[in-house]
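Read the structure below first, then the notes.
Reckoned from all heavy atoms, side chains included, excluding hydrogens, waters and symmetry mates. All residue numbers refer to positions in the sequence shown, counting from 1.
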Amino acid sequence: MKYIISLITSMAIACGIILCPLPGNADAVFAKKSTAQKKGPTTITIKQKDFTYTGQVVKGVPNGQGKIDGKINGVTFHFTGEFKNGAPYNGKGSMVGKVDGANINFSGEIKKGEPFAGTLKFQGMIDGDNMTFEGNMQNGQFYEGTLSGKTKEGLSINFKGKFKNNEPYNGRMIMDDKDGLHFETEVVNGEASVSLGE
């Protein structure tokens with residue numbers, strides 16, 4: 001169980017890093033001499049080949065209220081709300097694409113630059129393990145969904161249920177090792193009881 005808990009914690013950290021800031025250097029993506037200004041925010045539209053940003057900027061970088069639609073480094077963004085230093089900070093939006101080798105699909109609310117509430121699909125490597133999470137987030141943490149995959153040691157894991165503090169809280173966990181041993185675990189209020197199956 002401790003392995004699953006640390007795995008989920010790693011995923012939560014990864015998801016926070018993945019979403020914000022926008023891929024790439026915000027200064028390099030947005031700054032142009034034509035958008036330079038003297039003081040305070042200015043509202044402009046920045047159109048690039050793959051995306052459009054409309055909103056407030058400071059020295060050519062999104063800061064303040066704005067909206068972005070399109071692709072940056074192959075990741076599709078749709079976001080409306082407050083930007084800070086070129087990144088979505090508070091608002092609602094979605095992100096779909098491949099980031100650092102992982103497939104990410106997030107839609108919902110962003111607070112202080114982190115996913116806060118909404119739906120998340122993640123498929124990729126975490127600490128050498130190939131894992132998938134699909135479900136809902138609340139208060140910046142996993143709330144309900146399915147975590148499944150295979151560890152580098154060959155253990156197959158599948159947990160479906162509710163999470164509390166990014167740990168399995170209420171639900172069912174099934175684990176199979178490479179030697180054919182089958183474990184089924186009911187998790188109730190964060191406690192697990194294990195039964196061996198064939």
Side-chain angles (χ1 to χ4, degrees), residues 1-23 73-79 87-88 90 92-198:
M1 181 61 93
K2 288 183 180 180
Y3 174 79
I4 298 300
I5 292 167
S6 66
L7 181 65
I8 291 167
T9 302
S10 296
M11 187 182 295
I13 292 166
C15 290
I17 292 168
I18 286 166
L19 188 63
C20 297
L22 293 172
N73 296 335
V75 178
T76 301
F77 287 90
H78 302 285
F79 176 83
N90 288 318
K92 294 190 178 192
S94 65
M95 178 186 95
V96 178
K98 196 165 201 156
V99 179
D100 294 331
N103 292 311
I104 304 293
N105 186 331
F106 173 79
S107 179
E109 184 179 359
I110 296 166
K111 275 193 174 182
K112 296 183 180 178
E114 301 288 339
F116 184 75
T119 60
L120 173 67
K121 292 180 185 177
F122 169 92
Q123 195 284 318
M125 300 300 284
I126 301 174
D127 295 330
D129 303 327
N130 189 3
M131 301 303 292
T132 299
F133 174 82
E134 185 170 346
N136 298 312
M137 298 179 69
Q138 286 187 2
N139 299 318
Q141 297 182 347
F142 295 112
Y143 175 69
E144 185 173 23
T146 302
L147 175 69
S148 60
K150 191 169 254 190
T151 69
K152 58 188 167 225
E153 291 83 15
L155 181 66
S156 293
I157 298 171
N158 186 304
F159 173 80
K160 183 174 185 177
K162 292 192 176 184
F163 297 82
K164 185 175 182 180
N165 299 322
N166 288 327
E167 298 177 12
Y169 194 68
N170 285 320
R172 183 144 182 92
M173 184 177 302
I174 299 171
M175 296 178 281
D176 294 292
D177 74 5
K178 61 185 175 183
D179 297 324
L181 196 54
H182 179 81
F183 300 91
E184 293 190 18
T185 305
E186 286 295 327
V187 181
V188 178
N189 297 331
E191 298 292 324
S193 61
V194 177
S195 64
L196 298 175
E198 296 185 58

Please round to the nearest 0.5 Å and tell me the distance separating atom [atom1] of [X] and atom [atom2] of [Y].
X: Gln141; Y: Glu114; atom1: CD; atom2: CD; value: 12.0 Å
X: Glu153; Y: Thr151; atom1: CD; atom2: OG1; value: 4.5 Å
X: Lys92; Y: Phe79; atom1: NZ; atom2: CZ; value: 11.0 Å
X: Leu181; Y: Asp176; atom1: CG; atom2: CG; value: 8.5 Å
X: Ser148; Y: Phe159; atom1: OG; atom2: CZ; value: 12.0 Å

Can you name the residues that form a side chain to side chain contact (heavy atoms under 4.5 Å, CB included) with [X], not counting sequence neighbours?
X: Glu109; value: Lys111, Phe116, Ala117
X: Glu134; value: Lys121
X: Asn189; value: Tyr169, Asn170

Can you name the nearest heavy-atom pair linking [X] to [Y], along with the distance?
X: Gly149; Y: Met131; result: CA-SD, 3.8 Å
X: Asn130; Y: Gln123; result: OD1-NE2, 2.6 Å
X: Asn158; Y: Thr146; result: OD1-CG2, 4.0 Å
X: Gly128; Y: Lys152; result: O-CB, 3.5 Å
X: Phe122; Y: Ile104; result: CD1-CD1, 3.1 Å
X: Ala192; Y: Thr185; result: CB-CG2, 3.1 Å

Take the angle between the ring planes of Phe133 and Phe163 and call it parallel below 30°, perpendicular above 60°, tilted in between.
-> perpendicular
Are any non-hydrogen side-chain atoms of His182 and Ile174 less than 4.5 angstrom apart?
-> yes
Arg172/Lys160 under side chain to side chain contact (heavy atoms under 4.5 Å, CB included): CA gap, chis, key distance, verdict | CA-CA 6 Å; Arg172 183 144 182 92; Lys160 183 174 185 177; 5.6 Å; no
Hey, does the side chain of Asn165 reach the backbone of Glu167 with a donor-acceptor pair shorter than 3.5 angstrom?
-> no
Take Met173 and Glu184 through the side chain to side chain contact (heavy atoms under 4.5 Å, CB included) test and state the conclusion after the steps.
-> CA-CA 6 Å; Met173 184 177 302; Glu184 293 190 18; over 6 Å; no
